Structures are given as structure tokens and as C-alpha cells.
Amino acid sequence: MKFRPCIDIHNGKVKQLVGGSLKDEGNQATENFVSERSAGDFAELYKKDGLTGGHIIILNHKDSEYFEATKEQALCALKAYPGGMQIGGGINDANAEEYIQAGASHIIVTSFVFKDGKVDYGNLEKLVKAVGKEHIVLDLSCRKKGNDYYIVTDRWQKFTEEKVSVEMLEKLADYCDEFLVHGVDVEGKGSGMEEELVQLLAEYSGNPITYAGGISSMEQIKQFQKMGSGKLDFTIGSALDLFGGNLKYNEVKKF
């Protein structure tokens, strides 16, 4: 178990958002924090501290007026820490290699893979052909509906028909190196983790999994370690003092 840092970029700025609030229309979101520091500054910090495997997320749609500014920030972060961070947001087989060449260790993909509510294995194979499974992270970020967690796409706005399960993880493991899972309903709220989701993910033994969503104290990190049987890595955003929260980054990075 280790801490994975993050850099979320929206409308050209590093931000922390309430996950379920993001809307493409009008580039809207409920903001917890907006930084005056560049994405490159954060990447340099993570590099200095030796933190690997963190993620950079482009939160604007490619048709947004802010997309180019957001992408520019993301590329600056990759340049600042080549090989040290992963990147996601609008990535497909046509542009994946561009981000690897720009310095990403992995590309993170959801919407290109989960088309029309189902896994598109043809697109998965295209990604593997483009950059190799060793450079692919599948983002299985999900929201609860009924008793199950369903994968959501398009910046967490659309439900798919695919449930998160050990069987699904085992099936998709052949196409990727890691999984990233945001508990979207608690993302950015500092209200505690999605405990059922963490327990579900801990039942899987295979590719590394990074969980994000709701962890906001050292006590919760210890609880997460116990509930995840020490097998899952974790990300913290809004709760960190780096992003205006109360949890000290310098304590978390030592964990």
C-alpha cells in the first residue's frame, strides 16, 4: 500500500472538485480548491519527494473552449516529471502515444473503453496495439445504483451497464497494467471512503489498484489499510493541505 499523488486540471487550472458535480455544459463544477500554482509545480514537488504512479486528469471535454489550456498544463506536468505520472482525460488509441512520448508512464482510459454502456473489447485491443498493456491504466470509477457499483463515463456523468466485480477485474486485467477506481459519490466531500467498494476491490488479487474518494484523515488512512488488507494504493485530493484541506501532505507522503 502506498500513497499516489494527483493533479486534477479544469479550465486551465489545478483544482479539486466535488466529483459528482462536473458538467460539460458551461464547463461547470463545484470547486473545493483552485490553485495559483501550475500543474508543473505540483509535478516537481512529487518528483522531489520520490512519489511515483500518481495521476494527472484533464477534466475538460475536447470540445471545451478551455481544453487546450488544460492540456497545456497537463503536458507541463509530464515534462516536469517524465516517467513519474500517469495521465487521463479524453484519451484514445489515436492520441495515447502522444502522451507517452510527452513523458507519461501510463495513459488512463474510461470512456473510450466503455462505449454505449458496455466494454468495447475492440477499442481495448486498439489501445494495447497503440502503446502496449504495460502503459495502460483502466479507470473503473463508479457510482452506486441499488446494491451495486456501476462504472461511469464522460467525466462521471453517464452510467454504464457494467458492474464493478472481481470477475470484471480479472477479465480486464489482460488489457492493462493497473486499475484506478474513484468512488465518485464521495469524491471531494471528505466524508469517508466508500467502504463497501474498498472491501470489494480488496477481494481481487492481480494488477495494482489505486482507490480515490473520501479519505480525509490519518485515522481513515489506517482504516483503509485494514479494510483493503494492505493491497490497495490510495489517492487523496481535497483533504490535503496542498489543496486547502487539513490533512498534512508531509505526513501522508511518509505513509
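Keep in mind that the numbers below use all heavy atoms, side chains included, and drop hydrogens, waters and symmetry copies. Start at 1 with the first residue, then count along the sequence. Everything quoted here is computed from the prediction, not taken from an experiment.
Other residues, nucleotides and ligands contribute at most 12 non-hydrogen atoms within 6.0 Å of the NZ atom of Lys79. Under a cut-off of 6.0 angstrom, the local environment of CD in Glu134 is crowded, with over 12 non-hydrogen atoms contributed by other residues, nucleotides or ligands.
When each of Val137, Asp93, Leu127, Asn95 is checked for a side-chain contact (heavy atoms from CB on, under 4.5 Å) with Ile107, only Leu127 meets the rule.
Between Leu247 and Ser216, the closest heavy-atom pair is CD2-C, 3.9 Å. Pairing each heavy atom of Val181 with each of Cys142, the nearest pair is CG1-SG, 4.1 Å. Across all their heavy atoms, Gly237 and Cys6 have their closest contact at CA-SG, 4.1 Å. For the residue pair Ala43 and Ala77, the shortest heavy atom distance occurs at CB-O, 3.4 Å. In terms of heavy-atom proximity, Gly214 sits nearest to Gln220 at O-OE1, 3.2 Å.
Among residues two or more places apart in sequence or in another chain, the side chain to side chain donor-acceptor pair (under 3.5 Å) test is passed with Tyr81 by none. Listed by chain and number, the residues in a salt bridge (Lys or Arg N to Asp or Glu O under 4.0 Å) with Asp177 amount to none (sequence neighbours excluded). Listed by chain and number, the residues in a salt bridge (Lys or Arg N to Asp or Glu O under 4.0 Å) with Lys163 are Asp148 (sequence neighbours excluded).
Without hydrogens or angle criteria, Thr235 side chain to Arg4 main chain gives a donor-acceptor distance under 3.5 Å. Looking only at distances, no side-chain donor or acceptor of His55 sits under 3.5 Å from a matching main-chain atom of Met85. Using a distance-only test at 3.5 Å, with no hydrogens or angles considered, no donor-acceptor pair links the side chain of Thr153 to the main chain of Ser111.
Thr52 and Lys2 share a donor-acceptor pair across their side chains, judged by distance under 3.5 Å alone. Side-chain contact, Glu194 with Tyr149: a donor N or O sits under 3.5 Å from an acceptor N or O.
Among residue pairs with one or both ends in residues 200-228, none qualify as salt bridge (charged side-chain N to carboxylate O under 4.0 Å, His left out); sequence neighbours excluded. Legend: salt bridge (charged side-chain N to carboxylate O under 4.0 Å, His left out) pairs involving residues 37-46, not counting sequence neighbours: none detected.
Note on Val34 and Tyr66: separate hydrophobic clusters, where clusters join Ile, Leu, Val, Met, Phe, Trp and Tyr whose side-chain heavy atoms are under 4.5 Å apart, directly or indirectly.
A cation-pi contact, defined as under 6.0 Å to the ring centre and within 45° of the axis, is absent between Lys133 and Tyr175.
Contact check on Lys248 versus Asp241 returns no salt bridge, with no Lys/Arg side-chain nitrogen under 4.0 Å from an Asp/Glu carboxylate oxygen. A salt bridge does not link Lys171 to Glu162: none of the charged nitrogens lies less than 4.0 Å from a carboxylate oxygen. Ionic pairing of Lys253 and Asp49 is present here: one or more N-O contacts between side-chain nitrogen and carboxylate oxygen are shorter than 4.0 angstrom.
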Requested in this report: List the steps, then state whether side-chain contact (heavy atoms from CB on, under 4.5 Å) holds for Tyr99 with Leu78.
Outcome: CA-CA 8 Å; Tyr99 289 106; Leu78 292 177; 4.3 Å; yes
Report task. Go through the steps for Ser35 and Lys15 under the test side chain to side chain donor-acceptor pair (under 3.5 Å), then give the verdict. Result -> CA-CA 6 Å; Ser35 179; Lys15 295 183 182 181; over 6 Å; no
Listing, residues 118-125 side-chain donor-acceptor contacts under 3.5 Å, not counting sequence neighbours, or none:
{"residue": "Lys118", "atom": "NZ", "partner": "Glu161", "partner atom": "OE1", "Å": "3.2"}
{"residue": "Asp120", "atom": "OD1", "partner": "Gly122", "partner atom": "N", "Å": "3.1"}
{"residue": "Asp120", "atom": "OD1", "partner": "Asn123", "partner atom": "N", "Å": "2.9"}
{"residue": "Asp120", "atom": "OD2", "partner": "Asn123", "partner atom": "ND2", "Å": "3.4"}
{"residue": "Asn123", "atom": "ND2", "partner": "Phe112", "partner atom": "O", "Å": "2.9"}

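Residues Phe243 and Phe42 bring their aromatic ring centres within 6.0 Å.
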